Protein chains: 4
Amino acid sequence: MMNVSIAILGATGYAGGELIRLIEGHPHFTIGHLAAHSQAGRKVSDVLPGIGGSAAEMKLANADAALPDNVQLVFTALPHGAAAQRVKNMLDIGKKVVDLSADFRHRHAETYRSAYGLDHPCPELLEEAVFGLTEFFRTNISRTRLVANPGCYPTSALLPLAPLLKAGMLDTGRVIVDSKSGASGAGRGAKTELLYCEMNEGVYAYGLPRHRHAWEMEEWAEYFSGRAVSVQFVPHVLPMTRGMLTTLHLSGQQPERWHAILEQTFKDEPFVRILAEGLLPSTKAVNGSNCCDIGLCVTGTNTAVVVSCLDNLIKGAAGQAVQNANLMFGWEESLGLPVSALWP
Amino acid sequence: MMNVSIAILGATGYAGGELIRLIEGHPHFTIGHLAAHSQAGRKVSDVLPGIGGSAAEMKLANADAALPDNVQLVFTALPHGAAAQRVKNMLDIGKKVVDLSADFRHRHAETYRSAYGLDHPCPELLEEAVFGLTEFFRTNISRTRLVANPGCYPTSALLPLAPLLKAGMLDTGRVIVDSKSGASGAGRGAKTELLYCEMNEGVYAYGLPRHRHAWEMEEWAEYFSGRAVSVQFVPHVLPMTRGMLTTLHLSGQQPERWHAILEQTFKDEPFVRILAEGLLPSTKAVNGSNCCDIGLCVTGTNTAVVVSCLDNLIKGAAGQAVQNANLMFGWEESLGLPVSALWP
Amino acid sequence: MMNVSIAILGATGYAGGELIRLIEGHPHFTIGHLAAHSQAGRKVSDVLPGIGGSAAEMKLANADAALPDNVQLVFTALPHGAAAQRVKNMLDIGKKVVDLSADFRHRHAETYRSAYGLDHPCPELLEEAVFGLTEFFRTNISRTRLVANPGCYPTSALLPLAPLLKAGMLDTGRVIVDSKSGASGAGRGAKTELLYCEMNEGVYAYGLPRHRHAWEMEEWAEYFSGRAVSVQFVPHVLPMTRGMLTTLHLSGQQPERWHAILEQTFKDEPFVRILAEGLLPSTKAVNGSNCCDIGLCVTGTNTAVVVSCLDNLIKGAAGQAVQNANLMFGWEESLGLPVSALWP
Amino acid sequence: MMNVSIAILGATGYAGGELIRLIEGHPHFTIGHLAAHSQAGRKVSDVLPGIGGSAAEMKLANADAALPDNVQLVFTALPHGAAAQRVKNMLDIGKKVVDLSADFRHRHAETYRSAYGLDHPCPELLEEAVFGLTEFFRTNISRTRLVANPGCYPTSALLPLAPLLKAGMLDTGRVIVDSKSGASGAGRGAKTELLYCEMNEGVYAYGLPRHRHAWEMEEWAEYFSGRAVSVQFVPHVLPMTRGMLTTLHLSGQQPERWHAILEQTFKDEPFVRILAEGLLPSTKAVNGSNCCDIGLCVTGTNTAVVVSCLDNLIKGAAGQAVQNANLMFGWEESLGLPVSALWP
């Protein structure tokens, strides 16, 4: 079965558009259905001017339009809260789902309530959902019908943290995560504060005292370490479209051994690259690719700084979603995913 | 013969790097040799940080290192003047060549001398070389061993001009070409005026009274029209990395018919898209793709404005080079070339 | 009378904010009243985060709130159509007005109707209003109670065109004006197409077949030349916040004499700088200043390219408004206006 | 004495250019001499295109040209190591000096050696030099003949840290300073890695394991706290020209009291603004001004995040230098310094 029809719900946001582009270039997936609440009835290229080829000519369906029977997999790129019920519907009619919202990322309904201020709409699915941090949950991803694609910030933080936490190297009392994101992470809403002139040539922090992704980081950090972890997370928005850089200010034991742990963990990974010790990555080297670059520098007897970079719309969203989808169909996980950046 | 080894001479400029990325993702071409004068001995990813996969690990050879025997095609991305002799050498040892320099773009050695102030190093090859404006010279490209890849500005101007000139619609006494280019067109030299802080938030015109590409435009405009053409060309540099927009201020007969002529000419082209009449393109919709988008608006009884957009490093350089190379091997010309932009 | 209280109606758009900043640094003007339709009741710095000092603490009044009696001058930065009646009210209660809208820029009500699709609300004031292109209408400006501040595009085009038209040097049958503007020219409305991610790294033309400013340019070009002028105007938006560059593709007689005409015209001007012949200006050298830089290059027997640069929010709006206001009070016109750019 | 002639040595870097602009707009300082090693003999505006007015026409002198006798104050914007001897010469001939290099910022010659790898050229002057963090050393600045203008990063970190350290509120064992700087902080050298295309749309960390400014921060943090302080400093470069944001990840006692301490400390300061608790500043609101905006958010029982923003070329360099110079002549320290940003 080398030709699988997929659907995208929420196709016209930045992550949805990136999914269309990646699927269009994928050797086995084809687009069978595209839905977008506010743009229904329009042609794809009228809403997403970068899309070319046959996808450009497709019409956008209503959010609740019926899916073609032959669609086997649905990507949901809907707002949190709204996604959960729609995901359930898709599972009920026998589709596989990769959900890009936050609705199934949490292990516990209470954490979801703390982070999002909502009772979880479908708590019974939380246990079944597999957290789609591909490099650490491959086997389960390949067996599930529901992947909860991680948030962009958590992906950038957890990829380097997971092996160090599993090895018990980190002081977990205060893990400091200082992240810098391109503006596309703020979405496509028509808000004054997102206008070109208001963002260009400026940088600011936001989301304090506790951004929603802090719960996601903390819950999975605890999963990897097996004990309580306290994450201090400060996100910033930069004047660039894509790219996310996360600076981890870490303390713990024997930091001079951490680089080897990272190298060992990721040595065969197609999309995670550990730079030589002391070198630090740039978002520019990953923009347009599905890669996450990680650098480490020991800064003291018990301290080190670890920096990770990824494209927030690819490895931080649509790319990781396709990586997971590849696994759900038993294929090579790198199918259709670029390893080189669009550089410069 | 579905696996062809290629070489790139001048692999570490912006066009060279883009060639590596495109070839790496190409189904039939593989990289057999990479040379770079000033970076010989270094690893590709140390000089081009965006390159991933196996190409990242390749070593850069000296400019005059011998090529592996199995290399069948050479892309030369060398400075004008320096390219010509190297191209001749490659032909002499039986390689096919796509030359991205200006050395073989001109029909006449005298025009080359006017534009570049040099006696042509290999005038005997000028007649043999085929001008690689793919959409208009496909048959000859598929039969030649030497393609002269067009300049970025001439590609953006000639694609819309050619059909209108062929149809005899234009006043050729004063064809006004006002172009706007991203900064990557200025190359990768370490010059103060190309620093981030000197270019950011600024725009300027340059290259007057007569930019070299004016000769290239004029010579081929005359070829298409069959009579004398006077091109007034003013290029500008904008604060963006990629993208080229060319505004043609045209006068002539029956401009209300021109849109149909453009549509008819390009209706089956995979990479040239004619927008609905009155709509105007944006470079953002083509960045990262091999597409050229063209819009037309009639502005008076005898006047119209035509605007074309392309990615100067892809359709304006490396992408068109691969498109031509595909033809030289008898393949589908769109192989390995993206139709969707990396958007936003 | 060296301390004059002023009001700004429409204080929270980009031009209004720039007016506040300039007035705050002005030696004789002080802010007596600030009004803003949609932001009434808020503190200035909550809406305009760049404003510091005492102005930051002022409260924004309703659009139709009564003005303090001691206010002598009103700057109106309101939408066209809405401005006219408000301007009339201000005149009726004895205030002087500098109107930054388009409502009084035209010499004839019919032209206004053609450009804006509206019957002029106060045609009786059109004759009285003085067009505020300072360098050409100083005497009248110093005597009027109503200045119509020119549009940004017309300012950039008319400053170099006026002396050449007055000297009868230009072919007026087809004056081609190709302008490039920073994004702030599109205003502060919360529209998807103005979002950072949609504008960054992209350029496009707009406003065809005939942008409103074409009428303004043409009407005043005819005033300066004394005969019919046809202007072909194509504006573009660039990925930068401020700055406007206008490229004039001109034909006419003896272009080798035009540079001297420009130099002679502007030799004593504090804010218009003619570059040495052949040199071309950059918007970067004028951003943050009230200057307009102009360069000229002869390109043929009867042709030349003239390029002008200014900051669209300063010389193109708020700065020229203050320059005119200075004259209306009999002061040195350069008071409170910067000649150096914020560079880089 | 209301008209003081000044000199700038190293006038053509970004900080030097900003000094010229500020002095040109200053009511009492006038430029008496400008020197620039590599640009001697050229006109100012040929090297610094943003400078207008009379300064634009001045000629740049050799680095070691004699100064006019009437020059009373010298700003040295020279590389570290090179500045010290030149500063000594100026003092020896009776000039006052504000040194923008790092040469006199350190309290101890050994710290200087650790940070810069050099024996201090004039250790005898270290004690006399006053650290120019204006808000904390006003009295001494007003009495000295030598001010060591602080680094941009230390200014942004120490302004909020100083009052909290003086109050003994902070855990000094691990003060984490995560800074983000615009590209102008990297200087004007013609280096490939500073090219527009290499920096645009990218962010990276650098300077690890220990950037030079970490010593400066630590030494003065210890001065303010009276005990050992360990600073972990990670700087980043962002794709913007100006602006610096520093995020302080702090722990200590009673963080709910820190905001009041900051407010109390800075309540009468013209250039330091403490935002309402929980609000976070943006660099965009200070670019072009001499202000430093500071926000604080308590994030836990013993933790808070403090964020400061300034324009690295103004409050982080030339503006603070002028602020200090004003004090050295007994004037109001805010003379000639803008409080509003060039926004947007």
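The structure displayed is predicted, hence computed values, not measured ones. All chains are named by letter (A, B, ...) in the order of the sequence lines, taking the proteins before the strands, and each is independently numbered beginning at 1.
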For D:C297, which atoms come within 4.5 Å of any heavy atom of chain A: side chain, backbone, both, or neither?
side chain
Segment of D:V203 engaging chain A (4.5 angstrom heavy-atom cut-off)
both
Correct closest heavy-atom pair for D:P344 and A:C197 would be CB-O, 3.4 Å
D:S230, part contacting chain A, at a heavy-atom distance under 4.5 Å
neither
Has the side chain of A:E201 got a donor or acceptor atom that lies under 3.5 Å from a matching backbone atom of D:T241?
yes
Between CE on residue D:M240 and CE on residue A:M199, distance to nearest 0.5 Å
12.0 Å
With respect to chain A, which residue among D:L245, D:V237, D:L279, D:N287 yields the maximal number of heavy-atom pairs within a distance under 4.5 Å?
D:L245
With a 4.0 Å cut-off on N to O distance, would you call D:D178 and A:K180 a salt bridge?
yes
Measuring heavy-atom distances to chain A, does D:V286 have an atom under 4.5 Å in its side chain, in its backbone, in both, or in neither?
neither
Chi angles and distances behind the side chain to side chain contact (heavy atoms under 4.5 Å, CB included) call for D:R210, A:T299
CA-CA 7 Å; D:R210 191 160 169 87; A:T299 55; over 6 Å; no
Looking only at A:T283, A:V234, A:L280, the option with the highest number of non-hydrogen pairs under 4.5 Å against chain D is A:T283
Are A:H249 and D:R174 packed together at the side-chain level, in the sense that at least one heavy-atom pair is separated by less than 4.5 angstrom?
yes
Nearest heavy atoms of D:E198 and A:K284, plus distance in Å:
O-CD, 3.1 Å
What part of D:L208 gets within 4.5 angstrom of chain A, counting heavy atoms only: side chain, backbone, both, or neither?
both
Looking at D:V305, D:V307, D:L195, which one has more heavy-atom pairs under 4.5 Å with chain A than the rest?
D:V305
Look at atom OH of A:Y223 and say whether more than 12 heavy atoms of other residues, nucleotides or ligands are closer to it than 6.0 Å.
no
Given heavy-atom pairs under 4.5 angstrom as the criterion, report whether the side chain, backbone, both or neither of D:P281 touches chain A.
backbone
